[in-house]
Participant: 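Got a structure for you, written out below as structure tokens; questions coming shortly.
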There are 2 protein chains.
Amino acid sequence: MAGTAVAGTLDGVLDSIIAGDCIEVMRRLPAASVDLVFADPPYNLQLKGELHRPDNSRVEGVTEAWDRFAGFADYDRFTRAWLAEVRRILKPHGAIWVIGSYHNIFRVGAALQDAGFWILNDVIWRKANPMPNFRGKRFTNAHETLIWASREEGARYTFHYEALKALNDGVQMRSDWLLPICTGHERIKDADGQKAHPTQKPEALLHRVILATTNPGDVVLDPFFGTGTTGAVARMLGRHFIGIEREPAYRRIAEERIARVRPFEAESITVQGSKRAEPRVAFGTLVERGLLRPGEELWSLGGRHKAKVRADGTLVGRDVTGSIHQVGAHLEGAPSCNGWTYWHFRRDGCLIPIDVLRQQIRAEMAATH
Amino acid sequence: MAGTAVAGTLDGVLDSIIAGDCIEVMRRLPAASVDLVFADPPYNLQLKGELHRPDNSRVEGVTEAWDRFAGFADYDRFTRAWLAEVRRILKPHGAIWVIGSYHNIFRVGAALQDAGFWILNDVIWRKANPMPNFRGKRFTNAHETLIWASREEGARYTFHYEALKALNDGVQMRSDWLLPICTGHERIKDADGQKAHPTQKPEALLHRVILATTNPGDVVLDPFFGTGTTGAVARMLGRHFIGIEREPAYRRIAEERIARVRPFEAESITVQGSKRAEPRVAFGTLVERGLLRPGEELWSLGGRHKAKVRADGTLVGRDVTGSIHQVGAHLEGAPSCNGWTYWHFRRDGCLIPIDVLRQQIRAEMAATH
DNA sequence: CAGGTAGATGAATCCTACA
DNA sequence: CTGTAGGATTCATCTACCT
């Protein structure tokens with residue numbers, strides 16, 4: 001399946017994985033020959049020591065040599081070099097997607113703009129099940145960023161607006177996508193049962209990208225092919241792919257994986273819409289949005305108890321502080337308490353359950369789903 | 001309310017709006033004097049076919065290609081200049097938030113890193129009610145990006161982890177925040193009923209930023225103050241603010257707006273505390289005070305291991321002697337161990353964590369304080 | 001087989017006071 | 001400054017195994 005580059009045409013490399021460094025390989029590919037590039041470059045994570053979960057198990061970080069750079073300047077040189085080759089081999093109406101995290105995406109985005117690409121959207125992959133922040137020192141890093149750009153300003157590009165709208169229950173697809181990370185059977189393991197690649201992307205992500213921004217028969221090139229998610233999904237969806245990958249182990253896995261793919265089957269499969277029953281609303285949200293004021297008093301069901309709202313969404317009652325549920329339970333001497341129906345706020349002399357405010361927020365959220 | 005900068009201290013500018021260009025104004029402010037900077041810089045770039053310089057003057061009479069290059073270079077110079085001043089006036093343990101869209105955020109992020117700031121998170125503001133993409137040519141641009149960065153790698157920074165967790169109904173706050181855009185009564189209109197500022201940010205967004213990353217009494221500076229959302233929320237939450245704004249019309253609106261703000265009472269802005277902040281209690285204290293007797297046996301979590309208390313507050317286990325943490329870690333073969341939750345003592349046939357005794361000591365300490 | 005529980009794991013820039 | 005040691009810290013999901 002490994003192919004050889006041929007000047008002028010893509011004969012011999014279509015639907016194959018080319019061995020080698022992506023910059024050198026792309027140099028041998030003909031100009032203006034590729035419809036879409038999907039790139040998942042090294043993130044330059046700069047991990048220092050070890051990290052342990054609260055249960056003392058060790059977190060397996062990305063320690064591979066391919067993610068090590070001397071510094072930002074080194075990383076920038078690398079980025080600008082591969083982007084220049086991408087721009088050369090892209091057709092005039094072609095486009096690029098790049099995925100990254102805060103470690104690298106700002107540098108990639110600036111380099112894209114400097115190279116003359118024209119950003120069409122940045123898209124947020126919201127991870128349904130991200131790894132938590134174990135030490136409680138930052139926000140859960142729960143997303144990654146994709147940039148979608150055309151070859152230059154004003155260039156035509158492919159975008160299947162209606163298909164994406166259909167995929168999104170009939171409303172316009174937004175720039176934030178909720179998708180689970182790649183786990184379970186989809187995650188490729190090696191002979192030892194260890195993950196074969198540290199950063200395998202979910203097929204659902206590539207499904208959406210390729211469906212939205214290519215036509216059947218188009219050529220999709222991935223310069224950091226890894227275990228071949230891009231190739232597998234391209235093949236499923238009836239697109240051609242070209243993979244470039246340095247590591248023989250990754251190439252072998254990708255080849256076997258793609259050989260098992262049955263094209264067109266995916267098109268008949270309805271997409272997975274992860275529907276949540278009732279979106280959870282934090283009580284703190286009511287405070288943040290000004291529906292309740294910090295310092296405002298809430299009355300219990302029956303009016304026997306009072307508590308004061310704090311800015312972080314906790315309550316202060318007599319001798320007790322905590323969530324609306326905790327404070328309610330404590331004041332009632334009950335094992336548990338539904339704070340949403342227990343607590344009431346006063347408006348125009350009437351006591352109104354705070355659950356009314358939750359319904360209001362849910363209505364807004366439903367509009368965005 | 002407009003203040004005058006004073007070398008060495010912030011006297012005279014605290015809780016005021018300074019007129020002028022933010023770079024020049026910051027130059028007159030003392031170094032290492034500000035706890036937090038929140039910046040909503042101009043996006044600047046090629047909106048509706050017009051090109052603006054950072055000072056908002058129109059760029060005219062240049063070719064498009066030259067324009068674009070000049071545009072980015074100009075914007076970068078401007079960005080790096082104001083970031084350099086921010087870095088100078090920030091306290092060593094201070095931090096910065098910047099908000100932007102794909103037009104500018106990649107350049108800002110790269111400039112932050114180049115200036116030596118250390119990115120802690122990028123945070124996605126998911127707009128509950130974004131403007132749809134009317135032409136159906138792209139994804140609905142439904143988010144903006146914020147970058148949170150400390151002054152340099154390894155610097156301490158303020159983060160009220162527990163408060164944010166409380167605000168999010170007891171689970172860790174993620175990096176994607178769903179909040180409505182600024183509309184309705186919150187949106188400030190001018191005499192004509194037109195919106196007074198094109199990009200007024202919602203107070204809920206600032207509420208979360210300021211609550212999470214400052215302490216009451218801290219100084220929050222906003223170099224692109226606009227109609228003063230940062231100042232209004234800072235005042236509500238018992239923080240000081242410094243605004244910098246060029247446009248007299250915006251300054252006037254902001255002053256009136258902030259004058260109307262009623263700060264929340266002090267009790268309501270104290271947030272859920274962290275265990276880290278509680279006074280340290282030595283295990284030996286429990287022995288000294290007779291809560292545990294020398295020679296008494298402790299059982300591990302799960303009951304598999306035993307150890308004996310010594311008079312000096314160390315433990316003796318199988319083949320090991322040391323602190324409650326060291327002995328626990330050794331017996332479990334773990335890199336570390338919290339002895340307070342690991343070890344249990346026996347009372348009336350029940351195993352009780354020794355942490356209960358620590359709570360008892362802390363309560364006594366609080367009462368006598 | 002259904003149902004419940006325990007264990008594993010994911011692109012991570014993940015501590016800090018005190019000697 | 002560095003080194004040492006106290007002790008604080010996790011969510012959603014999938015697999016394996018047990019009753």
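Quick note on labels: first sequence line is chain A, next is B, and so on, each numbered from 1. Only a predicted model underlies this, so the values are computations on that prediction, with no experimental measurement involved.
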Participant: Does C:dA11 have a Watson-Crick or wobble partner in any strand here, with both distances under 3.5 angstrom, and which is it?
Facilitator: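 No nucleotide pairs with C:dA11.
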Participant: Please confirm whether B:R346 makes a cation-pi placement over B:W299, using NZ or CZ under 6.0 Å from the six-membered ring centre and within 45° of the ring normal.
Facilitator: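 Flagged: B:R346 positioned over aromatic ring of B:W299.
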Participant: Thinking salt bridges, do A:R107 and B:D114 make one under a 4.0 Å N-O criterion?
Facilitator: yes
Participant: Salt-bridge test for A:E247 and A:R252: reply yes if a basic N is under 4.0 Å from a carboxylate O, no otherwise.
Facilitator: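 No.
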Participant: Going by atom types only, do B:T321 and B:R310 share a side-chain donor-acceptor pair under 3.5 Å?
Facilitator: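 Per modelled atom types, B:T321 and B:R310 side chains form no pair under 3.5 Å.
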Participant: Would you say D:dG6 has OP1 or OP2 under 4.0 Å from some side-chain N or O of B:S323?
Facilitator: yes
Participant: Check step by step if side-chain hydrogen bond (donor to acceptor under 3.5 Å, both in side chains) holds for B:S175 and A:H143.
Facilitator: CA-CA 7 Å; B:S175 56; A:H143 73 275; 2.8 Å; yes
Participant: N/O contacts under 3.5 Å, protein versus nucleotides 5-8 of chain C?
Facilitator:
none

Participant: Can you see if the side chain of A:R58 gets near the phosphate of C:dG10 - specifically, an N or O under 4.0 Å from OP1 or OP2?
Facilitator: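 Checking A:R58 against C:dG10: no side-chain N or O falls below 4.0 Å of OP1 or OP2.
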Participant: With a cut-off of less than 4.0 Å, is there a side-chain N or O of B:H325 near OP1 or OP2 of D:dG6?
Facilitator: no
Participant: Strictly under 4.0 angstrom, non-hydrogen atoms only: write out the protein contact profile of nucleotides 14-19 of chain C, one letter per nucleotide from the 5' end, B, S or -.
Facilitator: BBSS--
Participant: Would you say a side-chain N or O of A:K195 is under 4.0 Å from OP1 or OP2 of C:dG10?
Facilitator: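 Yes, within the criterion.
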Participant: Within the sub-3.5 Å range, which N or O atoms of nucleotides 15-19 of chain D have a protein N or O partner, and how far apart are they?
Facilitator:
from: D:dT15; atom 1: OP1; to: A:H185; atom 2: ND1; distance (Å): 3.0
from: D:dT15; atom 1: OP1; to: A:H185; atom 2: NE2; distance (Å): 3.4

Participant: If the cut-off is 4.0 Å, is B:N338 near the phosphate of D:dA8, judged by side-chain N/O to OP1 or OP2?
Facilitator: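 Yes, B:N338 has a side-chain N/O under 4.0 Å of OP1/OP2 on D:dA8.
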Participant: Is A:R246 close enough and on-axis enough to A:W66, meaning under 6.0 Å and within 45°, for cation-pi?
Facilitator: no
Participant: To the nearest 0.5 Å, what is the distance between CD1 (A:I361) and CG (B:L178)?
Facilitator: 9.0 Å
